[in-house]
**Q** 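Got a structure here, written out as structure tokens. Questions coming.
Since this is a predicted model, take the numbers as computed values, not measurements. Numbering of ligands and ligand atoms starts at 1, following listing order.
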Amino acid sequence: MRKQIAAANWKMNLTAAQAHTLTHALCTSNPAVEDNRLVILGVPFPYIPMALSVAGATKGFAIAAQNCYHKKSGAYTGEVSVEMLASMQVEYVIIGHSERREYFNEDHAVLAEKVNLCLAGGVKPIFCCGEPLSIREAGTQNVFTETQLRESLFHLSAEQLTGFVIAYEPIWAIGTGKTASSEQAQEMHAHIRSVFAGQYGATVADSISILYGGSVKAANATELFGKPDVDGGLVGGASLVAEEFTTIINSLQ
Ligand code: PEP
């Protein structure tokens with residue numbers, strides 16, 4: 001059975017004290033997340049040691065970095081490698097968030113390199129995809145999103161994609177308060193799964209957790225997560241508030 005996941009993306013928010021208070025509150029409100037459910041906290045790099053020490057012992061919690069560099073090691077001042085993350089027991093890393101694609105010009109090829117390094121280094125990618133508003137308005141979102149997946153992931157083997165995590169995040173719904181309807185989310189998630197099924201077969205496709213991201217909050221999580229191909233969410237703003245994110249965790253199916 002594929003995992004149902006509530007993943008937080010704190011982005012560049014919170015002081016160290018606030019991050020500690022939030023992590024502690026989440027762990028004490030959710031002391032035992034059930035077996036096929038998983039909470040992932042995507043924290044800024046400086047807070048990784050704190051998050052590992054506070055949440056590390058809480059069942060069903062894992063820590064993610066929000067990025068990694070696309071080279072193995074070397075003279076890349078200010079960057080963080082997959083090897084560094086792995087050496088700290090960081091289990092996940094968010095790859096290809098639309099903000100990184102847009103502000104840091106991360107293209108399909110760079111993202112493929114990051115994914116390769118993650119898989120070789122034992123850190124699991126949470127691979128983000130999703131279309132801007134202009135593409136949604138033109139009705140070409142399926143082809144657009146499929147291309148993102150094909151160009152950065154389809155060189156991988158079936159084994160490497162088994163249990164993989166994808167986050168579908170329509171850019172027009174990120175941080176805007178505008179959520180895709182649960183029908184729009186289900187339609188795209190089913191499409192993404194069918195694309196993987198076409199390339200790798202139904203067993204691999206059914207093992208992939210496809211998270212929805214874009215203004216998920218306590219009030220809409222149950223409806224979104226109730227759709228058969230929506231396996232949880234990647235949550236920005238609402239993951240910064242302990243009660244909101246706890247309700248989102250409890251909305252996992
Ligand atoms: C995100 O940044 O991944 C995201 C989905 O943000 P928000 O929930 O704030 O829309």
**Q** Pair Asn250, Asn30 - check side chain to side chain contact (heavy atoms under 4.5 Å, CB included), show working.
**A** CA-CA 9 Å; Asn250 290 323; Asn30 303 279; 4.1 Å; yes
**Q** Answer yes if the side chains of His70 and Asn116 hold a donor-acceptor pair under 3.5 Å, and no otherwise.
**A** no
**Q** Side chains of Tyr69 and Glu113: do they bring a donor and an acceptor to under 3.5 Å?
**A** no
**Q** Provide, to 0.1 Å, the distance between atom 8 (O) of ligand 1 and the closest protein heavy atom, together with that atom's residue and name.
**A** Gly236 N, 2.8 Å
**Q** Report yes or no: does Gly214 have a heavy atom closer than 4.0 Å to ligand 1?
**A**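 Under 4.0 Å: yes for Gly214.
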**Q** Does Ala173 approach ligand 1 within less than 4.0 angstrom via side chain, backbone, both or neither, non-hydrogen atoms only?
**A** backbone
**Q** Indicate yes or no: at least one non-hydrogen side-chain atom of Ile126 is less than 4.5 angstrom from one of Val93.
**A**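 They are not in side-chain contact.
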**Q** Does ligand 1 have any atom that is closer than 4.0 Å to a heavy atom of Lys11?
**A**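 Checking ligand 1 against Lys11, which is what was asked, there is a heavy-atom contact under 4.0 Å.
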**Q** What is the closest protein heavy atom to atom 1 (C) of ligand 1, and at what distance does it sit?
**A**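 Here the nearest protein heavy atom works out to His97 NE2, 3.3 Å.
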**Q** When you check the side-chain N and O atoms of Trp10 and Gln66, is any donor under 3.5 Å from an acceptor?
**A**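 Their side chains do not contain a donor-acceptor pair, so the 3.5 Å distance test is not met.
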**Q** Just checking Phe164 against Tyr200, ring centres under 6.0 Å apart?
**A** no
**Q** Tell me which part of Asn9 gets within contact of ligand 1: side chain, backbone, both or neither, using heavy atoms under 4.0 Å.
**A**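 The part of Asn9 near ligand 1 is the side chain, not the backbone.
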**Q** Output the list of atoms in ligand 1 that are nearer than 4.0 Å to some heavy atom of Gly175, sorted by atom number.
**A** 7 (P), 9 (O), 10 (O)
**Q** By number and element, which atoms of ligand 1 are closer than 4.0 Å to a non-hydrogen atom of Gly237?
**A** 7 (P), 8 (O), 9 (O)
**Q** Does the Lys NZ or Arg CZ of Arg100 fall within the cation-pi geometry relative to Phe104 - under 6.0 Å from the ring centre and within 45° of the axis?
**A**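 Relative to the ring axis of Phe104, which defines the angle, Arg100 lies inside both limits.
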**Q** So is Ser215 polar-close to ligand 1, meaning N/O to N/O under 3.5 Å?
**A** yes
**Q** Quick one: nearest non-hydrogen protein atom to atom 3 (O) of ligand 1, plus distance?
**A**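 Nearest neighbour among protein heavy atoms for atom 3 (O) of ligand 1, to 0.1 Å: Glu169 OE2, 2.6 Å.
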